Amino acid sequence: MPRPILATIHTAALAHNLERARRAAVDARVWAVVKANAYGHGIERVFEPFRAADGFALLDLAEAVRVRALGWRGPVLLLEGVFEPRDLELCSRLELWHTVHCDAQIDMLAAHKTQVPQRVFLKMNSGMNRLGFSPERFRAAWTRLDALPQVDEISLMTHFSDADGARGVAHQLAVFERVTRDLPGERTIANSAATLRHAATTRADWVRPGILLYGSAPDFPEHDAAHWQLQPSMTLSTRLLSVQTLAAGATIGYGSRFTAEGPLTIGVAAVGYADGYPRHCDTGTPVLVNGVRTRMVGRVSMDMITVDLTPVPDAVFGSEVTLWGRASNGAVLPIDEVARSAGTIGYELMCAVAPRVPVAVD
Ligand SMILES: *Cc1c(COP(=O)(O)O)cnc(C)c1O
């Protein structure tokens with residue numbers, strides 16, 4: 001018997017969330033962002049529910065090859081563009097569209113031998129200060145690209161730093177619009193948070209939702225996934241492999257981090273940090289046992305956690321434990337709540353599920 005830990009990918013939820021993105025950005029085409037192996041879900045597993053997207057956006061060329069191998073003939077966008085000259089050969093061969101964010105990438109294009117001009121997305125650094133041409137240098141980059149026989153259509157792109165928070169997008173939007181006002185080409189500017197929170201001001205030809213497709217709220221805890229009508233696309237579940245009754249004063253686990261104040265029944269669940277469950281979770285992190293909400297107590301071990309069974313008196317060896325996602329009784333534990341307990345975000349938990357965890361699709 002394998003350990004009872006399991007990640008389940010919910011294809012109906014993925015399709016629902018894609019539809020939700022479409023509703024938020026009515027006139028726009030939708031890139032399904034599937035970088036990082038579809039935020040840990042597996043590109044092959046999300047492909048069918050995301051077939052209804054207008055394109056796939058990612059950044060690892062090996063992942064682009066996988067999308068083409070699945071039979072996708074529509075647009076594929078490399079969000080960081082190419083890393084070395086021979087990547088452009090792959091772009092030609094597989095018809096990949098690619099981001100151009102720096103001069104080195106234009107140099108590579110200028111030296112690239114191809115019969116087929118390529119479609120590029122010229123990226124502006126409008127204030128995120130990670131990738132892209134500064135507003136001052138953007139038009140020169142556009143002019144240089146426009147003169148290259150290797151380049152077909154030039155689209156325009158930028159990325160927001162604060163679409164999920166108080167600062168918002170207006171300051172970056174103003175820069176982007178001022179510099180690109182009279183340039184031709186399609187635009188793509190909105191990630192999940194901008195798509196949900198700033199739909200009216202970030203209207204463009206394409207949106208680039210990632211996290212919302214996977215049922216996590218980009219602006220948790222201000223809003224949760226239910227607020228945005230998103231459904232969890234991943235459940236991490238396991239079972240109890242022991243039930244212990246503790247006397248008052250007994251401690252639990254490494255470092256004796258938790259002391260029972262009175263008699264306490266705890267369960268030991270088969271999941272630990274070697275499965276990708278964050279070790280930063282501590283006493284109080286929410287967990288479902290038999291679909292009933294309770295809390296973790298003590299430290300996360302490599303292969304086990306301990307949970308308070310007080311609200312679940314019927315729990316026994318083999319009872320279902322849901323670390324995040326949907327329990328068999330339909331109860332939902334949002335990944336964002338668990339992430340918050342670990343001082344991180346839903347993105348990181350999804351991406352960090354360990355290779356040793358078996359994955360099912362429903
Ligand atoms: C990852 C990424 C996105 C998607 O971001 P979410 O916050 O997951 O919606 C969009 N655009 C770019 C350039 C990205 O790298």
Side-chain angles (χ1 to χ4, degrees), residues 13-14 17-25 28-41 43 46 50 53-61 63-64 67 75-83 96-102 105 120-133 155-165 167-169 172-173 176 186-199 202 204-220 222-223 225 228 230 232-234 335-336 339 344-352:
L14 292 163
N17 295 335
L18 175 62
E19 188 47 39
R20 180 70 189 83
R22 263 206 202 292
R23 259 195 293 133
R29 275 162 285 163
V30 178
W31 291 110
V33 179
V34 295
K35 64 190 180 191
N37 198 25
Y39 290 50
H41 290 58
I43 286 178
V46 304
F50 287 175
D54 298 292
F56 287 88
L58 40 74
L59 42 82
D60 187 325
L61 281 97
E63 294 185 342
V67 169
V76 174
L77 174 62
L78 299 175
L79 289 166
E80 293 181 353
V82 297
F83 303 96
L96 308 178
W97 300 357
H98 52 101
T99 301
V100 172
H101 63 76
C102 66
Q105 290 177 323
V120 297
F121 281 64
L122 182 62
K123 184 161 187 173
M124 185 192 298
N125 171 15
S126 56
M128 173 87 165
N129 292 317
R130 215 172 46 175
L131 297 184
F133 290 92
S155 301
L156 312 176
M157 174 174 175
T158 196
H159 193 56
F160 295 125
S161 58
D162 290 79
D164 58 332
R167 195 175 179 204
V169 299
Q172 287 186 257
L173 208 49
F176 183 75
E186 295 186 341
R187 269 89 166 143
T188 175
I189 54 183
N191 58 0
S192 294
T195 300
L196 292 173
R197 291 167 63 95
H198 304 284
T202 63
D205 300 285
W206 295 82
V207 290
R208 306 189 306 271
I211 196 68
L212 86 80
L213 302 180
Y214 306 98
S216 164
D219 57 352
F220 187 84
E222 185 183 342
H223 298 112
W228 294 119
L230 302 173
S233 60
M234 178 194 283
I335 194 169
D336 298 321
T344 184
I345 51 179
Y347 299 69
E348 188 181 8
L349 300 197
M350 296 176 184
C351 292

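Numbering of ligands and ligand atoms starts at 1, following listing order. Note that the structure is a prediction, hence the values are computed from the model and not measured. We're numbering straight along the sequence, starting at 1.
Where the criterion is an N or O separation shorter than 3.5 Å, residue side chain and backbone included, Leu212 fails it with respect to ligand 1. Inclusion of Leu79 in the set of residues having an N or O under 3.5 Å from an N or O of ligand 1 is not warranted.
The shortest contact between atom 12 (C) of ligand 1 and any protein heavy atom is with His159 CE1, 3.4 Å. For atom 9 (O) of ligand 1, the nearest protein heavy atom (residue, atom name, distance) is Ser192 OG, 2.5 Å. Scanning the protein heavy atoms around atom 7 (O) of ligand 1, the nearest turns out to be Tyr347 OH, 2.6 Å.
Note on ring orientation: taking the six-membered ring where Trp is involved, the planes of Trp31 and Trp206 are parallel (angle under 30°, cut-offs 30° and 60°).
If you number the atoms of ligand 1 from 1 as listed, the ones under 4.0 Å from a heavy atom of Ile211 come out as 6 (P), 8 (O), 9 (O). Atoms of ligand 1 found under 4.0 Å from any heavy atom of Tyr39, numbered from 1 in the order shown, are 1 (C), 4 (C), 5 (O), 6 (P), 8 (O).
Between Met157 and Phe121, the shortest heavy-atom distance links the atoms SD-CB, 3.9 Å. Shortest non-hydrogen contact noted between Val34 and Phe50 is CG1-CD1, 3.9 Å. Contact detail for Thr195 and Ala21: the closest heavy-atom pair is CG2-O, 4.2 Å.
Side chain to side chain, Ser155 and Glu186 fail the donor-acceptor criterion of an N or O pair below 3.5 Å.
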Q | Worked verdict on Arg22 versus Asp54 for salt bridge (charged side-chain N to carboxylate O under 4.0 Å, His left out) | A | CA-CA 10 Å; Arg22 263 206 202 292; Asp54 298 292; 3.0 Å; yes
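Residue nearest to atom 14 (C) of ligand 1, selected from His101, Glu80, Lys35: Lys35 (by heavy-atom distance). Of the listed residues (Lys123, Met157, Arg208, Arg130), the one carrying the non-hydrogen atom nearest atom 11 (N) of ligand 1 is Arg208.
Not counting sequence neighbours, the partners of Leu131 by the side-chain contact (heavy atoms from CB on, under 4.5 Å) test are Glu80, His101, Lys123.
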